[in-house]
Amino acid sequence: MRIILCGFGVVAQSLIKLFESREEELYSKYGLKPRVLAVFDSKGSAIDQSGLELDKLIQVKEKFGTVKNYSEKNNSMKGSEILKNVEADVLIETTASNYKDAEPGMTHITTAMKKGMHVISVNKGPLALAFPSLMELATYNQVMFKFSGTVGGGTPILDYAKNSLRGEKITSFAGILNGTTNYILSNMATGLSFDEALKDAKGRGYVEADESLDLDGLDAAAKLVILANWIMGMKVTMPDIKCVGIRKVTIDDIKKAEKNNSVLKLIASCDKELMVSPKEVPKDDPLGVNGTLNAIAFTSEHSGTQTIIGKGAGGTETASSILRDLLDIRQEIAKNWNQI
Ligand code: HSE
């Protein structure tokens, strides 16, 4: 499988390490032989049409902070140029999410789809701003579009709702979709002020470079958009979400929840409306998880309410979701071969 990798941050590097450490098993068990033809980060690119050496890629990135030093040839190509010039089967998009214009991820994804490449994205920006039209573009170009890692990191939330509950009608769902704000609110419940809890979360590297994405609920809202489209069949984008973050949560709000035998959580919900907002959750409710955990409760017509709990972020966790998507694509391609 020929791959172009957009972005080379923690998640993409974890994916390369997964490819390396599981090489034999991926081939013997799943028939998957990933061949990474091109990678780029914000400073440069590495390209080899016959496949890059994965251990060298990691070593170069660790030593120089960029893949540019992998080779002197073709080391300054931009993502869009690479996508136009390199023939591959799958684009894996891991550049940072932004909710203003979703670039550069949007251009990477649309260029790849128009070229007939399958796409895996862990970048939430393009999906949050244009989910319905990206699905149409994928269908029009007859390519697969996968994004398991955008919600729940390595916890298969989208797959659970879409596949494990197939045949069911999910009527509503609600959950904690942002680990950073959960960590901050959990610490406030133990007596820390908002500023102290935020400082602690920053010290642990949990908070996004643009803190507003976590604190103002944008990350949770983006995940809600993805869930609403994919699980509920809605055609919505970011402006359709009523969104309130956690900046205004006070110690008094936390104490009030405590009095009600509850905890305050940033809840993303899809019921009569789509909303992200701090809400009281009873302490014994499965959604009352602490730390950086994510949790989501799906309520369906016949099978009641089920809650999935797991880590919602992390390099290896999110890389494992990309691998799941890649295996799905490999399996679909194999099915089509059998039909020919
Ligand atoms: N900032 C996000 C979180 C990372 O805290 O959950 C995963 O999308």
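Note that the coordinates shown come from a computational prediction; the quantities given were computed from them, not determined experimentally.
Taking the six-membered ring for Trp and the full ring otherwise, the centers of Phe145 and Phe131 sit at least 6.0 Å from each other.
Donor-acceptor pairing under 3.5 Å is lacking for the side chains of Thr181 and Lys265.
Shown here is Lys17, whose NZ atom has more than 12 heavy atoms of other residues, nucleotides or ligands within 6.0 Å. In Glu24, the CD atom is not crowded: 12 or fewer heavy atoms of neighbouring residues, nucleotides or ligands sit closer than 6.0 Å. More than 12 heavy atoms of other residues, nucleotides or ligands lie within 6.0 Å of CD in Glu25, so this atom counts as buried by the packing criterion. Heavy-atom neighbours of Glu301 CD from other residues, nucleotides or ligands within 6.0 Å: above the threshold of 12.
Side-chain contact between Leu26 and Phe19 is present, with heavy atoms from C-beta onward closer than 4.5 Å. No side-chain heavy atom of Phe147 sits under 4.5 Å from any side-chain heavy atom of Ile322. Between Leu165 and Ser303, the closest side-chain pair of non-hydrogen atoms falls below 4.5 Å. Counting heavy atoms from C-beta outward, Ile329 and Ile120 have side chains that approach closer than 4.5 Å. A 4.5 Å side-chain heavy-atom check between Ile4 and Val90 finds every atom pair outside the cut-off.
In summary, of the residues considered (Ile109, Thr95, Ile92), a side chain to side chain contact (heavy atoms under 4.5 Å, CB included) with Asn123 occurs for Thr95 alone. Here the rule is side-chain hydrogen bond (donor to acceptor under 3.5 Å, both in side chains) with Tyr183, and of Asn290, Asp214, Asn178, Asp200 only Asp200 fits it.
The pair Lys223-Asp219 meets the salt-bridge criterion, with a side-chain N (NZ, NE, NH1 or NH2) lying under 4.0 Å from an Asp/Glu carboxylate O.
Side-chain atoms of Asn141 do not come within 3.5 Å of backbone N or O of Val143 as any donor-acceptor pair.
For the pair Lys61 and Phe8, the NZ or CZ position fails the cation-pi test of under 6.0 Å to the six-membered ring centre and within 45 degrees of the ring normal.
Distance CZ/Arg22 to CG/Leu18: 6.5 Å, rounded to 0.5 Å.
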